[in-house]
Amino acid sequence: MAYKVSVAGVTRLGSAGGGAFRPRGKVLPEHARRHNRSLVIHELLRHGPLARVDLARATQLTAATIGDLVGNLLEEGLVEERGRRPTGTGKPATLLGIVPDARHMVCVDLSDQSRFVGGVVNLLGEVVSRRSSARRDRTGRAAVRLVAELIAKLVADTDCPVLGVGVGSPGVVFADGTVEESSNLHWHHVALAADLTTEVHIPVHVVNDANAAALGELQFGRSSSPNVLLVKIGLGVGAGLILDGHLIEGDDSAAGEIGHVVVDTTGDLCACGNRGCLETVVAAPALRARIEGRDRQASARILAQAGERLGMALAPVMSMLNLREVLLSGPPDLLGEAFRQATTAAIKQRTFPLVGSQLEVRLGSTGRDDVLLGTAAVVLKHELVVRR
């Protein structure tokens with residue numbers, strides 16, 4: 001099959017998902033044009049349609065630079081004119097907007113316990129088509145093959161140029177897209193990005209699923225805060241942490257691996273080999289097994305107990321970082337009021353009043369698509385030179 005691949009702007013900008021999208025550090029002269037282009041694209045994605053004068057004001061670039069960059073984006077078909085905006089005096093300003101379907105991204109979420117979920121996403125973060133593949137307990141190379149097959153089907157679903165592929169995987173994911181450790185999928189040092197790129201002949205970027213969900217909230221969600229702590233509850237449990245707009249990955253790319261914090265030394269055996277990890281208490285399969293056959297009241301008690309354990313694990317994090325909210329991502333029927341109230345209460349009971357007084361634990365605003373949108377944000381960063 002001949003895949004539709006766009007090669008415009010294929011430039012690597014650091015680690016997959018690392019640094020979120022806000023430009024930082026010194027910009028060298030040879031990088032200036034790429035940097036300026038990213039500023040313009042970002043403004044149009046987040047705040048468009050905008051006139052050239054708006055772009056110059058927002059980016060602090062000269063009118064001549066804006067004119068040159070916009071001209072190139074118009075030629076590439078990434079930007080289009082959207083009519084005129086009346087001004088008080090002089091010539092009406094021409095509005096510019098991103099062409100949503102100028103490029104598509106193929107995005108895959110591997111966090112569900114029973115299926116791999118994929119979607120075709122446009123430049124504005126809209127999921128234009130969906131597919132899923134039943135996992136049937138496949139692990140190791142069989143799981144990699146299933147992901148490749150799902151990607152191929154999604155590519156075939158779109159007639160637009162495919163900018164790249166984004167994959168959100170449970171476990172520790174290195175900057176080069178290697179899944180160093182994903183216990184539930186039995187992946188150990190699997191070069192997932194490289195293997196899939198070879199298989200589908202399109203640039204593939206792999207990021208931890210919780211990090212992806214946090215990036216999806218930052219790029220496409222409703223939160224106005226540059227700080228995001230998102231706990232992803234699915235096949236496992238992980239957290240994505242963004243501070244001042246920058247994703248925190250840690251020295252070994254394992255930041256946020258809270259699922260393997262031991263909360264009960266006498267608890268169940270975890271897939272990682274330890275006993276009583278948070279994942280054995282809070283992960284979706286564990287919760288569903290515990291509430292199966294229970295009435296509503298008993299189920300609420302079990303979910304509240306799990307929420308309390310999560311709050312206990314998060315309390316030191318909240319005290320250290322002084323964040324005002326925790327976002328939860330996962331099955332809404334499990335993460336309902338009983339779970340969230342118990343999580344909130346446990347954090348407040350174990351933190352300084354000033355830290356916990358304004359705390360809110362809520363579901364993320366991007367819902368079931370958070371990982372898909374987060375991997376789309378990563379593809380945008382690497383393949384369209386979008387930096388926040």
Side-chain angles (χ1 to χ4, degrees), residues 1-10 12 16-17 100-171 173-174 176-179 182 184-187 189-209 212-213 215-216 234-235 368-384:
M1 178 181 293
Y3 294 105
K4 303 173 285 298
V5 184
S6 170
V7 298
V10 178
R12 300 295 179 263
D101 296 303
R103 306 286 188 275
H104 279 169
M105 295 160 285
V106 168
C107 303
V108 179
D109 176 3
L110 309 183
S111 65
D112 191 272
Q113 69 182 95
S114 61
R115 60 187 183 139
F116 292 156
V117 177
V120 176
V121 182
N122 70 18
L123 295 178
L124 297 185
E126 299 164 339
V127 182
V128 297
S129 69
R130 302 176 188 273
R131 280 184 181 266
S132 65
S133 296
R135 188 181 150 217
R136 298 191 179 92
D137 295 324
R138 275 176 276 199
T139 60
R141 300 307 303 178
V144 175
R145 183 62 200 164
L146 184 63
V147 177
E149 292 171 356
L150 179 58
I151 291 171
K153 292 175 182 177
L154 288 164
V155 170
D157 285 342
T158 176
D159 294 324
C160 298
V162 175
L163 193 61
V165 176
V167 178
S169 170
V173 181
F174 284 172
D176 63 356
T178 296
V179 180
S182 183
N184 293 305
L185 291 171
H186 295 180
W187 285 346
H189 200 70
V190 174
L192 189 60
D195 290 351
L196 291 174
T197 298
T198 299
E199 183 78 19
V200 303
H201 310 295
I202 299 174
V204 177
H205 304 277
V206 181
V207 64
N208 169 269
D209 59 341
L215 290 168
L235 183 60
R368 63 172 178 163
D369 293 329
D370 52 4
V371 174
L372 297 182
L373 296 183
T375 61
V378 172
V379 173
L380 279 174
K381 171 190 170 181
H382 287 277
E383 305 299 340
L384 199 58

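Sequence positions, counted from 1, serve as the residue numbers for this chain. These numbers come from a predicted model, not from an experiment.
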Show your working on side-chain contact (heavy atoms from CB on, under 4.5 Å) between Val108 and Leu150 and close with a plain yes or no. CA-CA 8 Å; Val108 179; Leu150 179 58; 4.0 Å; yes
Flag the pair [X] / [Y] as yes when at least one side-chain heavy-atom distance between them is below 4.5 Å, and no otherwise.
X	Y	result
His104	Val379	no
Val190	Val144	yes
Val120	Val127	no
Leu380	Leu163	yes

For a quick test of reading the model, state the closest non-hydrogen atom pair linking [X] to [Y] and the distance between them.
X	Y	value
Ser169	Val179	OG-CG2, 3.9 Å
Ile202	Gly164	CG2-CA, 3.8 Å
Pro170	Ser182	O-OG, 3.1 Å
Ala212	Val207	CB-CG1, 3.6 Å

Donor-acceptor contact present, side-chain [X] to main-chain [Y], <3.5 Å:
X	Y	result
Asn122	Gly125	yes
Ser111	Asp209	no
Asn208	Gly171	yes
Arg103	Leu123	no

Given side-chain contact (heavy atoms from CB on, under 4.5 Å), test Val167 with Val206 step by step and report yes or no. CA-CA 5 Å; Val167 178; Val206 181; 4.1 Å; yes
Evaluate the criterion side-chain contact (heavy atoms from CB on, under 4.5 Å) for residue pair Leu196 and Ile151; output intermediate values, then yes/no. CA-CA 9 Å; Leu196 291 174; Ile151 291 171; 4.1 Å; yes
Nearest 0.5 angstrom please: [X] [atom1] to [Y] [atom2], how far?
X	Y	atom1	atom2	answer
Leu185	Leu192	CG	CG	9.5 Å
Met105	Leu384	CE	CG	8.0 Å
Thr178	Trp187	OG1	CH2	12.0 Å
Arg131	Asp157	CZ	CG	4.0 Å
Lys153	Ser133	NZ	OG	5.0 Å
Thr375	Leu110	OG1	CG	9.5 Å

Any carboxylate oxygen within less than 4.0 angstrom of a Lys/Arg side-chain nitrogen, looking at Glu149 and Arg145? yes
May I ask you to say whether Asp109 pairs ionically with Arg115, meaning some side-chain N is under 4.0 Å from a carboxylate O? no
Give the C-alpha distance, both sets of side-chain angles, the deciding distance and a yes or no for salt bridge (charged side-chain N to carboxylate O under 4.0 Å, His left out) between Asp369 and Arg130. CA-CA 10 Å; Asp369 293 329; Arg130 302 176 188 273; 2.7 Å; yes
Mind telling me whether His382 and His205 have parallel, tilted or perpendicular rings, with 30° and 60° as the class edges? parallel
Working for side-chain contact (heavy atoms from CB on, under 4.5 Å), residues Thr158 and Val128: CA-CA 9 Å; Thr158 176; Val128 297; over 6 Å; no
